[in-house]
Structure formats: structure tokens, C-alpha cells
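Below is one structure, written out as C-alpha cells, with a few remarks after it.
Within every chain, numbering begins at 1; the chains are lettered A, B, ... in the order of the sequence lines, protein sequences first and strands thereafter. The structure displayed is predicted, hence computed values, not measured ones.
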Amino acid sequence: MSYVSRCWEILERSKTGPIMDENDFLPKRFTPALKKLIREYDLKYDPATPCPSDEAMADRLFQAAVDLVVRVGYYNTDTHRIIQITPEEIREALYTAPRQYWVGGGRDARLFEHRMVEDRRPPFCILSPDITVDEKYHQSMCLAYLKEPLLDGLCGPILEETFGHLIESGGPTEISGCTQHIYNQKLAARLVGRPEVFMVAVGTAEHDSGQIAVSNEQWGVRKTDARLVGALTEFKTADTLLNRSLHYAQYGCHTGHLTGPIYGGWCLGSEGTAVTIAAYSLLGLVVHGATFNQHFPFHLNYGSNTTRELLWSIAMAGQALSRNTGLLYTSNGFANAGPMTRMLFLETAVHAMVSTVTGWHLWEMASTRNKYRNRATPLEARLGAEVGHAVARRGLTREQVNELASRLLAEYESMAADAPIGSEYHECYNPAKAVPTTEHLDLYKRVRDELAGLGLVFPY
Amino acid sequence: MSLEMLGKLVADGEADEARALAARLIAEGQGPLAMIESLTGTMAQVGDLFARLEIFLPEIMLAGEALTAVVQELGPALEKAGGRKSRGRVVLGVVKGDLHEIGKNIVKLILETSGFEVKDLGYNVDSLAFVKEAEAYGADFIGASSLMTTTMPRQKEIIEILKDKGLRDKFRVVIGGAPTSRMWAEQIGADLWCPDAKSAPDLLAGLLK
Ligand code: B12
């Protein structure tokens, strides 16, 4: 069944499924089911191995994810009903899901395909600052990211202002901001000579209306591009989100399912977070018809995923999905530290190596807990992509990555709670030319050399 | 010994057992105020464990529910002894246009487990609804969360509506959310900004002194 035909079934279920009070859904349905599954499938976090290689556990974890989707369902907060999903539907969707897609157009087209654990094919690298920027730096930052040699796709920075007006959620300024966003991004792509490069756009859209407004083959988000539809943490959706996936499917572009399961929240510890990530990939496929899933699990207190309890979840979920499905999923790094700090480079490197070796594609890199305007640069994303390529090309094993990651974690993990916030884009990049300052570039090179010293062999 | 046991049951989120033990203790002549005082200490410890993520959100929530069960059980006895003092009534929600509800949910939990009464308005809440609900609930505080710069103007709008309706002095307006700041609170005339959930109970209580 195609996604759009399945989607009508799903919309129907969100009107006819079992009714439940939203306040009860997580404490009474989601968390108890998850807790039970962690026990039933004997899943156990081990802090000594941030990059585990227990394949039997990865397969059990996958089964737990299937069961979680089947037992819990997806809650629609508008209808207060649960969209129930059967194991047969999951199996059918998994069987019929393509293992690869061509994305981007013309000469800039790229193959985005399923990866295996310890795959020698490099990860598909979507680079993104994941934050908002001043209007005056938006265009420059798009250019700076698009100049990155290992970029396969761009998700641009988010606007807070449009023509000097503060963007207000849901109002005309949001629509205008979305138009400006995609124009800036497409112009930047043309300027750097990659006019049809794959994009995930536009992050400025907070509502379905904003997304729909920029679907345009001539000047807007094209069919060869992708856009995101979020999940409400955890396992909840709403009509405004279902509107998006339906529109994306009918328009004909790619859909990415954006999910951020929270360690310490409703999905409990590392085991629960891992199961929830894998389950979200299944929900993205079945409920939203996602081409790929974009996961950013994060630590409730830090707002990051570069400490061992989160790395373990990422590594286990990656292996579970890689070994048991043909799906595509990107691992979105969230760091504690800010730009132009050694810590941010190290965090990015560790996030990228653990993700790459366990079957993920990369989406790098949200810095400074994804919280501060202008605080992200392409250099940390570059290092992440280079580390991903290095790990894949050299065929590093999970054991080798585990050892490397453990050594690097010792360098920064204790600073997670009070990491340095670093610099803003214009303090470490020349915005006019969209190039890094010498100081920033030097620091990047030093850390790259440091990693090479530990045995990581970069492809160039 | 038994008070200790009661504390443990509450901390473990065993609502039914905690309620049963509370009933037994009352029957045995234990004073309800002493029980509440001891459980307040328990909840503070539970709150600390959660702040360090030694326990997780669902666990502190269960502890909160167990506490509520005990308080209900003690109802009549507490009433006689002068009642359990609420630290204040709060209507809490995420402003219009904003679907980010995680922070708000944590604030709700922390306020409830530290003795506030909270009415949760959910997310994507219209500014006027905050005001109407606050009046209906007899609230001391209006708590408004915003996670996006594009929805921060709604926090200001709530205050403007209060002013226009001549209600500004009736409620303390408290704001929070990652992009907000003390400066923003001052700029829009809010009474308080909280950087996180754990600082909220004391800061709110401070406003009522
Ligand atoms: C998780 C998340 C999501 C999830 C939300 C799930 C959910 N159900 O809540 C999903 C994926 C759905 C999502 C969607 C979007 N998001 Co979002 N998201 C985040 C993220 C990463 C974390 C937020 C979070 O939950 N933090 C954890 C909690 C515990 O922290 P907290 O909310 O800050 O709350 C604490 C304190 O602030 C305080 N507090 C909070 N409120 C209050 C209120 C009171 C009264 C008090 C006393 C205290 C208080 O106490 C809390 C506990 O300590 C932030 C980045 C960030 N670092 O904040 C981006 C972020 C908020 N999102 C952003 C964006 C752009 C979006 C989207 C538009 C993306 C898209 N293109 O679709 C949509 C918007 C949807 C909408 N209309 O709201 C931007 C906003 C940019 C801006 N303009 O300001 C951010 C800042 C990321 C970024 N840097 O660009 N997002």
C-alpha cells in the first residue's frame, strides 16, 4: 500500500481509535509499556561501552521497538484518540520501503541509501547549524555551509526576523520568513555552483501553512528536496503535523520524521531512549510515510547527546535499525559546548564516529545545547563529516570506535554540565566572505591532528 | 519508624500502600501535620534525585501522586488540625503557536511536588484563555512558557490583556522557556523569570511574602 492510501486509514483511525485523556497517555500507557519491554527483552545499559557491539541485544531491542509501537500506538492530541498500528502494517511498510532514494537534482543528485553496521560506504552528510541566526547573517551562513566539501544535503539556519520585522508564530511574518528562507538558501546554492543540491527546508516554518507556502518547483522547496514533520515528545502527533506529511506526500517531495526522545523523561534511561528512537523510525515510516528519520535524542538536563548514556542509546538504536530494516536515519548531534572550543570539536567527533559505525547517516551539528542564536559554524560540521568518512573508509570496527570514543570522552565528559559556550558565527567567521577566521581554522586543524594522532586516518 | 516507612512508600510512588499506611497511622494517633512535614522533606529529597537524574520523570511523578493520595486520606484530620497550607495557586501553560511542552510539564511537576496547586492549560494556549482561567481558578500566579522567539510576544500580550482588563494587580505573572531571560521579563513587565524548574518553587513563594 502506498503511503497516501495508508494515510487515509490512519486519519480514519485518529477519529475512531480508543479515546484517552492526554494527561494519562504517557504515565499510564507509554512509560509502563516501555518499562515492561525493557525487562521482557533483557536490555541493559553498560556505561563502560559507549559504543556497544552486542548484536543479539540490538535484535531484541528492535523487537521491543516493534512491540512498543503496537502496544502503545500514536496519540493524536486533537482528537484525543490513539492511532493503533498492527504488526502486519509494520511488516508491510518495512518490506515495501525503498532502501535507497535519489535526492537533489541534476548534477547535484546524490544517492541516499540504507547503511549496514560497520559499512565501508560513508554516511550521507546533512550539515546544519540547527539554530536561529540574525537576518543579516542568514544568507552568509547558508553560503558557508554549502561550501563544505563533504556536504550531501543542507538544512539551513532559521530566521527570527523578516525585513526587520520580528517573525510571529502563525502570522503573515512567518509566511514571509519562510519565503525569504528558501530564497536565501537556493540563491546560496546557485552562488556556490550547486544549484540543485539536496535541502531539508524550511526550519523557519512553525506551522503547516508556512511549509505549504514554500512548495514550489521554480523558486521554493522542490520535489527533490525534503522537509520535516515533528513528533510531539513522546509518541504524540496532532492534525497540524498530519497536515504536513499529507501535503509532502501529495506534493511529491521527501519527508523526514523529526524526533527527540528525552533521556530522563518519559522514555526513562539509556535502554528506553534506544527503544524509543527505533520505534520512532517505525512510526515515521508507517504514520508519516517518511523517506528518512531524523533523530536527536537528548539528555533532559544538558540538552545534549554526546555523553555516554546517550551515545549508547544512539549506537544500540542504530544497530537495531540497520540489522532489521532497510530504512534510512540520520543521527543529529547535540553538543554541550559552543563554537571555536576544543570541546565542541571533540564532542562532534565522538558523536560522528559512534553514529557512523553503527549504521547511521550524519546530521551535524547543533552546538551549545541548541539554545543560542548565531552559535554554530560549518567547521564543527566539517569535522563531523570527515570523521564519518574516516571511520567508514577505513572500516573501523565498533570495538575500535568504542576505545577511541572512551579516550575522547575522558577529555570532555566531566565538563558537560558547565561547558564553555564559545563564540558566535560572526566572531569566528568572516560573514562577508563566508570563510572561517584563522584562529578558528587553526583550532579545527589542531583537533583534527590530535584525532589523527590517536589513529584516525582521514581520507584526505 | 512508621513515618520513615511512609516516606519510603511515597518516594517509591506506591500510592495505595502509602494511603493505607497513612490511614493506619492516623488511627494510631499520629498527628497529621507531623506526617505532612516529614513528607515534605521526602519530596525535597525526591526532587534532588530527579535534578541529578538519579531518578527519572515518571518516577518523580508517581511520588507526587502518592503524596496526593496521602494528603487526600488525611483530608478530614488535616482539616481539624488547621489544614495543609497551599503555597499558592498557579495556572500554567505554553503560549499560543508553541507546541514545546516538555519544560512546562516539568515545571508543573516540580511545583506540585513542592506544595503548589497547579492548573495545567496545556500548550498552544490563547493569551486571553490564560487570563480567564486564572480568574476562574482564583490563581495567585499565571505561568507562561515560550520556547521560541516567535512566540515570546504572546507573554507580553498576556500582561497587556491583564492591564486592559484592570486585572494586572490580581496575578503575579511568571515566565520561562529557553529563549526568555530576566531582561525580557523586565521589558514586558512580568513579575518573575525562572531559568529552570528547580528554582521555581522558592522564587514563586518569594513573591507572595
Ligand atoms: C524538543 C524540541 C522540539 C520538539 C518539541 C516536542 C514537545 N512536545 O515539546 C519538536 C520536535 C516537536 C520541535 C518542533 C519545533 N521546533 Co523545537 N526544539 C526542541 C528543543 C531541542 C528542546 C526543547 C526542550 O524540550 N527542552 C527541554 C526542557 C526541559 O527545557 P525548557 O523547555 O527550556 O524548560 C526548562 C526551563 O526553560 C524552564 N521553563 C520553561 N518554561 C517555563 C515556564 C515557567 C512559568 C517557568 C517558571 C519555567 C519554565 O523550566 C524547564 C525545566 O527546567 C529546542 C532547543 C532548546 N535547547 O530549547 C528546540 C527549539 C525550541 N525548536 C525550534 C524550532 C524552530 C522548532 C520548529 C519550528 C522546527 C520545525 N521547523 O518544524 C518546530 C516548531 C513547532 C511549534 N509550532 O512549536 C527552535 C526555536 C527557534 C526560535 N525561533 O526561537 C529551537 C530553539 C531550536 C533552535 N535553536 O533553533 N522542537
Side-chain angles (χ1 to χ4, degrees), chain A residues 22-23 26-28 30-32 34-35 77-78 131-132 158-162 166-171 173-174 177 204-207 210 230-234 236-238 240-241 260-270 272-273 298-303 307 309 369-373 417, chain B residues 13 15 48-66 94-106 108-110 112 118-127 146-157 177-181 184 195-198:
Chain A
E22 187 174 347
N23 289 334
L26 290 165
K28 300 219 169 104
F30 175 83
T31 302
L34 181 60
K35 217 181 212 165
T77 58
D78 283 309
I131 41 118
T132 58
I158 297 164
L159 281 166
E160 292 186 9
E161 302 125 18
T162 180
L166 177 74
I167 295 177
E168 294 198 38
S169 191
T173 46
E174 182 183 328
T204 303
E206 290 166 11
H207 292 79
L232 302 174
T233 318
E234 309 294 352
K236 294 192 287 185
T237 186
T240 174
L241 298 166
I262 301 185
Y263 170 93
W266 296 108
C267 48
L268 306 161
S270 300
T273 307
F298 66 89
H299 187 287
L300 180 63
N301 286 354
Y302 305 151
T307 54
E309 53 277 60
R369 315 182 200 290
N370 188 224
K371 231 179 176 158
Y372 300 94
R373 201 206 289 220
Chain B
D48 285 345
L49 288 176
F50 175 62
R52 293 194 301 269
L53 281 196
E54 284 170 32
I55 60 168
F56 302 133
L57 182 76
E59 289 152 338
I60 186 175
M61 177 159 177
L62 286 178
E65 282 175 0
V94 181
V95 298
K96 187 151 183 201
D98 210 322
L99 305 178
H100 296 89
E101 60 160 342
I102 301 153
K104 179 268 295 172
N105 290 346
I106 293 174
K108 175 185 179 213
L109 229 119
I110 298 292
E112 281 179 345
V118 182
K119 171 133 198 231
D120 185 357
L121 307 180
Y123 49 85
N124 193 17
V125 180
D126 183 83
S127 301
S146 157
L147 262 286
M148 302 193 289
T149 51
T150 54
T151 55
M152 281 165 57
R154 302 283 86 78
Q155 294 177 324
K156 182 165 173 231
E157 192 173 72
T180 63
S181 61
W184 171 245
D196 51 30
K198 64 176 183 290

Checklist entry - Where on A/Lys236 is there a heavy atom nearer than 4.5 Å to chain B: the side chain, the backbone, both, or neither? => result side chain
Checklist entry - Measuring heavy-atom distances to chain A, does B/Pro153 have an atom under 4.5 Å in its side chain, in its backbone, in both, or in neither? => result side chain
Item to check | A/Leu166, part contacting chain B, at a heavy-atom distance under 4.5 Å | outcome: side chain
Next on the checklist: Between A/Arg373 and A/Glu161, is the salt bridge (Lys or Arg N to Asp or Glu O under 4.0 Å) condition met? List the steps.
Outcome noted: CA-CA 12 Å; A/Arg373 201 206 289 220; A/Glu161 302 125 18; 3.0 Å; yes
Checklist outcome for this item: Counting heavy-atom pairs under 4.5 Å with chain A, the top scorer among B/Ala51, B/Pro58, B/Pro179, B/Gly103 is B/Pro58
Item to check | Residue A/Tyr372 versus chain B: region with a heavy atom under 4.5 Å | outcome: neither
Checklist entry - Rounded to the nearest 0.5 Å, how far apart are CD1 of B/Ile60 and CD of B/Glu65? => result 12.0 Å
Checklist entry - With a 4.5 angstrom heavy-atom cut-off, which part of B/Ile106 approaches chain A: side chain, backbone, both or neither? => result side chain
Checklist entry - When you look at NZ of B/Lys156, are more than 12 heavy atoms from neighbouring residues, nucleotides or ligands closer to it than 6.0 Å? => result no
Checklist entry - Which answer fits B/Leu53, side chain, backbone, both or neither, if we ask what part of it has an atom under 4.5 Å from a heavy atom of chain A? => result both
Checklist entry - Taking C-beta and beyond as the side chain, do B/Phe56 and A/Trp266 meet within less than 4.5 Å on heavy atoms? => result no
Next on the checklist: Counting heavy-atom pairs closer than 4.5 Å to chain B, which one of A/Gly303, A/Gly264, A/Gly170, A/Ala417 comes out on top?
Outcome noted: A/Gly264
Checklist outcome for this item: One option among A/Thr77, A/Asn301, A/Thr233 has the most heavy-atom pairs under 4.5 Å with chain B, and it is A/Asn301
Checklist entry - For residues B/Asp98 and B/His100, is any side-chain donor paired with an opposing acceptor at under 3.5 Å? => result yes
Checklist entry - Between A/Thr173 and A/Thr162, do the side chains contain an N or O donor and an N or O acceptor separated by less than 3.5 Å? => result no
Item to check | Side chain, backbone, both or neither of A/Glu22 within contact of chain B (heavy atoms, under 4.5 Å) | outcome: side chain
Next on the checklist: Taking every non-hydrogen pair under 4.5 Å, which of A/Ile262, A/Asn23, A/Leu268 racks up the most with chain B?
Outcome noted: A/Leu268
Checklist outcome for this item: Among A/Leu300, A/Thr240, A/Ile158, the residue with the most heavy-atom pairs under 4.5 Å to chain B is A/Leu300
Checklist outcome for this item: In terms of heavy-atom pairs under 4.5 Å with chain A, the winner among B/Val95, B/Ile102, B/Asn105 is B/Ile102
Next on the checklist: Would the distance check show the side chain of A/Thr31 and the main-chain N or O of A/Pro27 forming a donor-acceptor pair, the cut-off being under 3.5 Å?
Outcome noted: no
Item to check | side chain to side chain donor-acceptor pair (under 3.5 Å) between A/Glu160 and A/Thr132, worked out | outcome: CA-CA 7 Å; A/Glu160 292 186 9; A/Thr132 58; 2.5 Å; yes
Item to check | Side chains of A/Glu206 and B/Thr150, donor plus acceptor under 3.5 Å | outcome: yes
